[in-house]
Amino acid sequence: FTQYHSFSKLRTFDITLMSLSAERETPSFRGSEPHNNLQRILQSCPKLAEVGDSNESKNTISDLVNFLDSLLDATLSDPDNEYKENSAFEALSEIHQYICSPSLDQEVVDALSFELPKAVSKFAGISRKFLDMAISIIDQFIVKCGPRDMLSILCDTLGYSSKVTNAASYIVPPLSGLSKVLISIRRRQFEQVKETVPIILNVLKAVCLEPDEEELDNVFDRAVEIANSIYEVCDKLVDNAAREKLRALLGLYVLQCLALVSARIDYKASSCHSLVSQLSRISSYCGLSYLSLVTTYDSDAVASTVFGENKDDCMGCLSHVKNGAALSVIWGHVSEEVAQAAKEDMIAVKDELRDNQIKRWQAIVALKHVLSFVSLPWELKKHTINFLLCITDGDIRGKCEDERSQWPSYMPNIFSALQAVKMVIMYAPNPELRKNSFAVLKGVLADIPISQRLDILEALITNTDSSSMIAILVDLVRREMHTEIYNSTSVVKGIQEINSNKHSNLSFWTPSILEFVERILRPPQGGPPSLPDQSDAVLSALNLYRFVLMTESTGKTNYTGVLSRSSLPKVYNEWLLPLRTLVTGIMAENKSDYDELAVDTVCTLNPLELVLYRCIELVEEKLKQVT
């Protein structure tokens, strides 16, 4: 025990010696050359209030900024060097104490306030204590310089973010300062906020949509703080007209922020749901109901009300407001907590959209902005598809009586919505989402007046490069034709007869269907289609032609002109025979080859060859009957 006690005392003595040695080895910032330089610069600052030489003032401030930049560079270049980091933090601490001094002349504070917010904000990305210190320094400037002066200074500080490397951490201190400045303004609040919001949103957009920026939670926390500040200002405004305009501006700000949050914060993270809930609560205060956001909300009109003649200059910062409007509803669909924060009943919203065709069309148009938002995670697009499925699947109610007269005004936007759904079908990462997207595609098509459906499908095919997607769309045409002819056919004594009263309602059984098939089997650019690249599309077109030919033959009709004397020879000589020559040649080239590509080519063309020969047989049989 005595030996152990002696050893323990000796070890304690050794550790004490090592600590003392380490303290001697790690130099203190105080008394160091950088510290002396800082003291020299700070001691020269009071002269700013005495001399009228603006160049000397600029030089003094420039020396201080350059000194801080050198400390920052030293810290970032050697992140494991504790001394350099401590030196940088102690330098900021001394600057903070210096600004807090009650004896400091206001002229000195004013001069420093123009450049120091930029300089200290650059340190925010090092650690939390640096961020807090940068915020504390800016807070002191707000106290001593006043909110109106600091509003323009902090906006200028934000604008400088494009020149720094770690912009996401840099903008947090000025955003924090702005959230405090905005609630402190006592005059012309709406005008001041109106000038500030576009600057904030432009910086948020630039930083948040930068793929390299990862740590954005702090940024969005401050963005929501600003929303809360604007809400507080708005709630206290006495002027009703100014308050309504500010509420409209706040709504635009919240929707833009909501889109950015949805795009950049992990969808499953609790912080994301918390941010969305806070924004949804403010959105509700702005009078933005879920139903209005996906039906009648017009961000351009709102922006015109807020910004007047300067609207066009501000639309760049509001480029994701439409995404945010649609996402507000999707978040309510995803999270009951968010729906409660927005004071919404999702069941009632869905029922209203199911029961009203015009509102349903408006919602489909609004939700396309979510599906086409490239930066958005697939999880939210999946929920958007599920929401669309809720309002379009099954027995659609609420068809408006004058849908034909209403349709033209909605047609272009419905078409672009279908294009967005089509892209999800093509690129979704999992089968379930592709399957549900296809169901939505069919549901939206079913909601379109039947007389316009073929035109829409033709336009979708024309604007599609994927052979597989074209094949899917052509098969939808075939299904529509089958449904249409089935509904117009009655069975009497086992014999199918066409109901003449329903004949006039056949929208798909027209000569244009042959033109539709021809564009695939004999492309407009000339020659047969490219095989095997277009094999899926060609196979689907052949199946459609065979279906039309057999149906018209069986029913002894000729709605499409498929059995006419002019059509049969043209199809035979210009579509089928050139295609047979092409397929036969490709098959002959690859049948004797056993590499993977050749085997895949043969397997791809086998079903196409079978259907092609069946079509040739049917046409040859009809040609014999005609002649």
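Values below: all heavy atoms of this structure, side chains included; hydrogens, waters and symmetry mates excluded. In this text the structure is predicted, and so the values were computed from the model without any measurement.
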Heavy-atom pair of closest approach, residues Phe307 and Leu318: CE1-CD1, 4.0 Å
Using 30° and 60° as the class boundaries, would you call the ring planes of Phe89 and Phe130 parallel, tilted or perpendicular? perpendicular
With [X], the side-chain contact (heavy atoms from CB on, under 4.5 Å) member among [options]:
X      : options                        : answer
Thr384 : Val334, Val329, Leu371, Val421 : Leu371
Val197 : Ile226, Ile230, Leu182         : Ile230
Leu293 : Leu288, Leu327, Val349         : Leu288

Is a side-chain donor or acceptor of [X] paired with a backbone partner of [Y] at a separation under 3.5 angstrom?
X      : Y      : answer
Ser335 : Trp331 : no
Arg434 : Ile425 : no
Arg453 : Leu445 : yes
Lys381 : Phe373 : yes
Ser409 : Gln406 : yes
Glu480 : Phe508 : no
Asn323 : His369 : yes
Ser540 : Ala537 : no
Glu344 : Tyr290 : yes
Gln452 : Trp407 : no

Does a sphere of radius 6.0 Å around CG in Asp465 hold more than 12 heavy atoms from other residues, nucleotides or ligands, not counting ones at 6.0 Å or beyond? no
How about NZ on Lys118, more than 12 heavy atoms from neighbouring residues, nucleotides or ligands closer than 6.0 Å, or not? yes
Do [X] and [Y] have side-chain heavy atoms sitting under 4.5 Å apart?
X      : Y      : value
Ser179 : Asn228 : no
Ile138 : Ser176 : no
Lys122 : Tyr160 : yes
Val164 : Ile171 : no
Asn436 : Val424 : no
Leu246 : Val306 : no
Ile513 : Val477 : yes
Val261 : Cys272 : yes

Electrostatic pair Asp132-Lys129, nearest N-O below 4.0 angstrom: no
Does Lys435 come within less than 4.0 Å of Glu432, counting only side-chain N to carboxylate O? no
Roughly how far, to the nearest 0.5 Å, is the [atom2] atom of [Y] from the [atom1] atom of [X]?
X      : Y      : atom1 : atom2 : answer
Lys382 : Ser437 : NZ    : OG    : 11.5 Å
Gln278 : Tyr231 : CD    : OH    : 13.0 Å
Lys422 : Ser466 : NZ    : OG    : 8.5 Å
Leu154 : Thr196 : CG    : OG1   : 9.5 Å

Taking ring-ring contact (aromatic ring centres under 6.0 Å, His included) as the cut-off, I'd like each qualifying pair that reaches into residues 418-468, sequence neighbours left out, listed once. none
Taking atom types as modelled, is there a side-chain donor on [X] or [Y] under 3.5 Å from an acceptor on the other?
X      : Y      : answer
Lys268 : His273 : no
Thr305 : Lys245 : no
Asp139 : Ser136 : no
Ser184 : Lys180 : no
Asn463 : Gln419 : no
Ser271 : Ser274 : no
Gln362 : Lys359 : no

Is the terminal nitrogen or CZ of Arg243 (NZ for Lys, CZ for Arg) located under 6.0 angstrom from the six-membered ring centre of Phe190 and within 45° of that ring's axis? no
With Arg247 as the cation and Tyr285 as the aromatic partner, state whether NZ or CZ is under 6.0 Å from the six-membered ring centre and within 45° of the axis. yes
Could you check whether His383 and Tyr267 have their ring centres less than 6.0 Å apart? yes
With respect to Arg360, which candidate in Asp355, Asp447, Asp393, Asp351 satisfies the salt bridge (Lys or Arg N to Asp or Glu O under 4.0 Å) definition? Asp447
